[in-house]
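Down below is the structure, laid out as structure tokens.
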Amino acid sequence: MSGRNVFSETQLFYSSRPLRRSSNIMTEPFTSIKSLPEHVGERVTLKGWLYNKRGSKALYFLILRDGTGLVQCVVNQDNVDETSFAVAETATQESALEIVGTVNADERQVGGVEIHAESATLIAQAESYPITPKEHGVEFLMDNRHLWLRSQRQWAIMRVRNRIIMAIHAYFQSEGYIQMDPPVLTGNAVEGTSTLFELEYFDKPAYLTQSGQLHGEAMAMAHGKIYTFGPTFRAEKSKTRRHLTEFWMIEPEMAFYDLDMDMQVAEELLLAIVGDVLRDCRDELEILGRDFAKLDLIQGPFPRISYDEAVELLHSDETQRILDAEHEETTAEEKVLKEERTANRAAYGQAKKGEKRRIDAREIDINKRLDEIEEDLRNIPAWKESAANFEWGADFGGSDETVLTKHFDRPIIVHRFPAVIKAFYMKRDPEDDRLALGMDVLAPEGYGEIVGGGERATDLAFLKQQVQDHGLPEEVFDWYFDLRRYGSVPHSGFGIGLERTVAWICGLHHVRETIPFPRLMGRIHP
RNA sequence: UCCUCGGUAGCUCAGCGGUAGAGCAUGCGGCUGUUAACCGCAGGGUCGUAGGUUCGAAUCCUACCCGGGGAGCCA
């Protein structure tokens with residue numbers, strides 16, 4: 001598309017790469033760990049927190065964390081004054097430190113450098129830190145989310161999240177979209193189906209928004225192409241790895257765009273996100289253990305599959321074969337893991353202390369995975385049945401979505417759904433009145449629906465009828481109807497869930513790790 | 001709302017009718033190149049809560065509370 005030349009400039013502007021040294025020195029009288037490879041042989045001042053420590057009587061290795069990376073600082077009794085050495089001896093995990101020393105290249109270390117310290121100064125001694133360098137359970141980590149964010153994996157995820165946010169802005173800005181902020185407090189339900197958080201608004205009921213789309217449509221009639229970027233609230237009682245009660249959604253809305261163009265935008269946006277993350281977040285993806293090959297496969301065009309074709313696919317023998325193969329693979333993995341566990345337990349008695357700890361940690365991993373496997377093995381027969389007996393007119397369940405994506409190695413776009421299962425504002429397919437011009441993008445690897453949208457209805461009488469048929473109060477939509485009274489045009493848009501996208505790109509098990517402070521059913525603290 | 005798994009030391013877990021355990025973390029001691037460093041010693045528990053069964057309950061039963069992940073619904 002035209003305007004791509006702007007993209008590269010915008011890209012630079014939004015880049016998450018470190019600032020250039022000149023500007024860095026002007027604003028900060030200390031050096032970031034990330035930039036240390038540029039300072040080999042130089043004397044630098046570092047400020048950060050003690051991530052981990054190893055040592056002996058006269059030599060300590062301090063692993064320092066400053067938010068940009070980790071580096072090992074060697075504190076040798078012969079090279080520092082007494083106070084500095086005492087700091088190295090007594091500093092506890094997460095104590096804040098300032099360290100001055102020279103940068104030495106050392107291939108053995110993380111980041112390829114280590115610091116030979118001249119001095120160490122204590123900024124603040126930390127109390128006994130709850131998150132120790134070992135395995136922790138979900139509940140404990142969630143209770144300590146404010147501290148968990150300092151851990152490497154969480155750090156990497158937040159970096160990728162930031163990069164994805166910037167990629168989204170860069171894409172839309174370069175394509176001539178205007179960012180708009182829709183209201184968070186609303187008096188109307190867009191879909192009418194989801195449960196809303198209700199609150200009191202000067203003695204009247206109001207709701208936290210579940211979508212900015214309707215207001216986005218109004219803005220699109222003023223600017224042509226717009227996108228929202230803001231929080232969304234759903235009071236659904238969903239306790240699954242894909243649900244948050246508060247999440248961030250991006251909703252573009254384009255005047256004079258039909259369904260095909262809408263799908264094109266969704267595809268381009270996702271390709272831009274994957275491309276930017278792959279280019280700028282290699283280290284982060286490495287920390288997360290993400291399989292690069294899986295992301296390299298994400299290239300256009302994404303398969304477009306009609307709802308009818310999707311139903312056929314669910315009914316196909318190939319679907320049954322895929323699920324049978326999965327059942328077999330999972331059973332085989334279960335066997336291998338159980339054998340390893342048995343072997344580990346047999347070796348445990350004679351094992352040294354360090355080895356015992358490794359076995360313990362491995363046992364936790366194995367048990368966690370075995371729980372998942374057990375669940376999958378229980379579910380696969382149900383998935384097979386759900387797919388085989390899927391009836392035209394129903395909405396896809398979570399397992400159906402997963403099964404559909406297993407036929408492909410990249411995201412797929414499913415379009416033209418039965419109108420009855422879609423929102424009232426969707427335009428009908430002129431070729432088949434039973435269908436709505438909606439589309440969903442399903443991410444691969446079981447991540448499911450990350451985009452939902454479609455072409456909007458333009459006819460006032462039809463919309464009014466729809467509102468009535470859905471049992472919605474007509475009066476709250478008066479302003480929305482006006483958009484059809486004053487120059488109604490074909491237009492389309494979609495919503496993309498930020499957290500589900502981050503989970504997919506990072507290869508995470510649960511969306512709760514994709515947002516700094518997740519809000520879940522039964523969890524609103526910290 | 002339903003189904004399912006769990007709650008034992010600060011953390012991760014073992015123990016499943018007969019004296020409350022391990023590793024990590026913490027404290028003390030040792031060690032000049034460690035990579036979740038290592039070695040020794042020590043402190044640390046109303047076994048989620050309330051009932052019940054029993055000579056005896058962390059263990060068995062009932063109810064409740066809290067959490068995990070799944071269904072429905074959805075991004």
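Order of the sequence lines sets the chain letters (A, B, ...), proteins ahead of strands, with each chain counted from 1. Everything numeric in this text was worked out from a predicted model, so none of it was measured. The basis for the numbers below is simple: all heavy atoms, side chains too, and nothing from hydrogens, waters or symmetry mates.
The side chain of A/Glu139 sits closest to B/G67 out of B/C11, B/G67, B/G33. Proximity note for A/Glu236 (side chain, C-beta onward) versus B/C73, B/U1, B/G33: the nearest is B/C73. Considering only the side chain of A/Asp395, B/C74 comes nearest among B/C74, B/U34, B/A75. Across B/U32, B/U34, B/C74, the shortest atom-to-atom separation from the side chain of A/Ala58 is found for B/U32. Of the candidates B/C11, B/U34, B/G33, the closest approach to any side-chain atom of A/His116 belongs to B/G33.
Remark: B/A42 base-pairs with B/U26; criterion is Watson-Crick or G-U wobble with both hydrogen-bond distances under 3.5 Å. Summarising the base pairing, B/U1 is matched to B/A71 through a Watson-Crick or G-U wobble pair whose two defining distances lie under 3.5 Å.
The base of B/C73 lies close enough to the side chain of A/Ser238 for a donor and an acceptor atom to sit less than 3.5 Å apart.
The side chain of A/Arg242 contributes an N or O atom lying less than 4.0 Å from OP1 or OP2 of B/A71. Taking only side-chain nitrogens and oxygens, A/His510 comes nearer than 4.0 Å to OP1 or OP2 of B/G69. Remark: A/Asn52 is in phosphate contact with B/A37, judged by side-chain N or O atoms under 4.0 Å from OP1 or OP2.
Of the residues A/Val265, A/Leu271, A/Ile273, the one that meets the side chain to side chain contact (heavy atoms under 4.5 Å, CB included) test with A/Tyr171 is A/Val265.
When heavy atoms are screened at a 4.0 angstrom cut-off, A/Pro133 is found touching base atoms of the nucleic acid. Residue A/Gln72 is in base contact, counting any heavy-atom pair closer than 4.0 Å across all strands shown. Residue contacts shown for A/Gln109 include a base, since a base heavy atom lies under 4.0 Å away.
By the 5.5 Å and 30° criteria, A/Phe61 is not stacked with the base of B/A37.
Classified by interplanar angle (parallel below 30°, tilted 30° to 60°, perpendicular above 60°), the ring pair A/Phe172/A/Tyr227 is parallel.
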